[in-house]
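These notes concern the structure reproduced below.
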Amino acid sequence: MIFVTVGTELPFDRLVKMVDDWGARNARSDVFAQIGAGAYLPKASGYARFLDSQAFAAHLESATVVVSHAGTGSILSALAKAKRLIIVPRRASLGEHRNEHQLATVQHLGTITGIKVAHDETELVAQLENPWDAVTKPIFSPYASISLIEAIREFTSPGKNNSSAAQTVAHNPSAP
Amino acid sequence: MFRNVIPQIPTSSRLDIRAAVARIRQAGTVRTQRLLAISSGGGHWIEMLRLQPAFEGFDVTYATVGESYRCQVDDAKFCTIPNANSSDKWALIVSAVHVLWLVLTLRPAVVVSTGAAPGYLAIFFGRWIGAKTIWVDSIANAEELSLSGRLAGRLADLWLTQWPHLSRLEGPVYRGSIL
């Protein structure tokens, strides 16, 4: 099943329509889209506006490919299940978001193994029609990096007042 | 320039991570201080879940914007707060009232947020009651901080970014990421 998700905050009609049009052209019956508050209703795909966390997990489990907006939640969820993932950034220039941070997200996270990036319909169709090998298992642990966890632990230790604790977590661009 | 900045963790290092979490559990003194972990939904919430080992030993209350997230924190305390963002002032006011009530009744010693606006409100009000406040800027903000991140960072006692190139002397600091 090809699982399309636009996230919980904003619609993303351009993404839903691109995949729906592709599904219609190729007579696909295995496309499902979570469309949010979108105005575009898919013609060739099953859809729901919102999925609670259990329903989202169930669709994720059945998916062979996830096509998602470039939102952290969707990306992390797909990575945790080692799913093939195509991320499509929302563009502020097209009125799809308040700023262009999704462009930055795809630049910085788009090189992770198992993730493909598509900016437009041509790139998206190319990814959909040329499946790549999925990773066999999640490549990240279920938790944040040890250094981040320990920084928070150190800061919240009883007996550390706020100013001295903050100084021990100093500006350190070389930290892992 | 920033390709491969996020390392993939080999199996041996995943074992190290589990061992480190176990050491944290063993070494920590018993803490019964209350910690409020508050975030918006979606990615903000998932990033918060990945920080859970940092909250070991605290009496944690999770607060987010949807009841369906409750099952992801097992039996931990959980409550919902109305969502809000900068484009809807009335929703912001409603959310602020709820968050203020939560902070005043819970009286956490620590407030942690992974964003967005409800987290900023919790840090704002948390300072009134002397809580230690932590803002973890979303990994989604890879080129510049969000509005709520810039506002919250100036208030938070610990202001964190997940990208080394966004780290500044005056904050935020980089100490790792949720990946």
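Lettering follows sequence order; numbering is per chain, from 1. What you see is a predicted model; the values in this text were computed from it and never measured.
Ring geometry for B:Phe124 versus B:Tyr120: interplanar angle of 30 to 60°, hence tilted.
The part of A:Gln54 that comes within reach of chain B is its side chain, from C-beta onward, which places non-hydrogen atoms under 4.5 angstrom from that chain. Heavy atoms closer than 4.5 Å to chain A are found nowhere in B:Glu67, neither backbone nor side chain. Proximity to chain B is absent for every atom of A:Glu100, based on heavy atoms less than 4.5 angstrom apart. With a 4.5 Å cut-off on non-hydrogen atoms, B:Leu49 touches chain A through its backbone but not through its side chain.
Between B:Trp135 and B:Asp137, the side chains place a donor N or O and an acceptor N or O closer than 3.5 Å (distance only, hydrogens not considered). For the residue pair A:Glu96 and A:Gln102, no side-chain donor N or O sits within less than 3.5 Å of a side-chain acceptor on the partner.
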So A:Tyr40 and A:Asp20, side chain to side chain donor-acceptor pair (under 3.5 Å) or not? Walk me through it.
CA-CA 10 Å; A:Tyr40 176 80; A:Asp20 191 45; 2.6 Å; yes
Using the rule given for side-chain contact (heavy atoms from CB on, under 4.5 Å), can you reason through B:Leu100 versus B:Leu121, listing the C-alpha separation, both sets of side-chain angles and the distance that settles it, and then say yes or no?
CA-CA 8 Å; B:Leu100 175 59; B:Leu121 294 167; over 6 Å; no
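Ranked by heavy-atom pairs under 4.5 Å with chain A, the list B:Ser146, B:Ser68, B:Gly171 is led by B:Ser68. Each of B:Leu147, B:Ile46, B:Val110 has some count of heavy-atom pairs under 4.5 Å with chain A, and the biggest count is that of B:Ile46. The most heavy-atom pairs under 4.5 Å with chain B, out of A:Thr105, A:Asp52, A:Asn99, A:Thr72, come from A:Thr72.
Of the possible polar contacts, one joining the A:Asp13 side chain to the A:Ala39 backbone as a donor-acceptor pair under 3.5 Å is found.
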